[in-house]
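Structure, as structure tokens:
Positions are given from 1, in the same order as the sequence printed here.
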Amino acid sequence: MAAIVLRLPLRLSSRNTGIMTRNPSFKTSTIARTSQSRTVVSTPSGAILPKPEKTPFGLIRMTVVVVPFLYVGTLISKNFAALLEEHDIFVPEDDDDDD
């Protein structure tokens with residue numbers, strides 16, 4: 001009974017995704033590959049699909065995206081803090097702790 005219940009979503013999802021064929025010579029374009037997500041891990045017959053292709057230079061790409069946006073965010077927050085202090089909206093107090 002439990003096996004039937006667990007296989008039902010697999011059957012429904014395989015109907016929605018169409019016929020799954022294993023053709024290594026077929027390559028999708030890089031544009032289509034970036035927006036795909038893999039939700040099915042087995043064929044309707046129960047065979048496990050091969051591992052998806054890994055994107056090379058993942059760490060370099062992540063660094064190229066993260067570092068400039070961190071820098072821009074730092075500049076924006078620094079300028080906004082200066083603007084708040086200039087208009088006396090938020091002025092940090094100088095706490096002299098003599099403890």
- Between CG of Asn79 and CG of Leu84, what distance do you get to the nearest 0.5 Å? 11.0 Å

- Given the rule that I, L, V, M, F, W and Y join up when any side-chain heavy atoms are under 4.5 Å apart, are Leu59 and Phe69 in one cluster? no

- Message: So, taking the atom named CZ in Phe80 and the one named CD1 in Ile89, what distance separates them when rounded to the nearest 0.5 Å?
- Response: 7.0 Å

- So do Leu49 and Thr43 actually touch side chain to side chain, heavy atoms under 4.5 Å? yes

- Give, for atom CD1 of Ile60 and atom CE of Met62, the distance between the pair rounded to the nearest 0.5 Å. 10.5 Å

- Query: According to a 4.5 Å side-chain heavy-atom criterion applied to Ile, Leu, Val, Met, Phe, Trp and Tyr, with indirect links allowed, do Ile76 and Leu83 form part of one hydrophobic cluster?
  - Reply: no

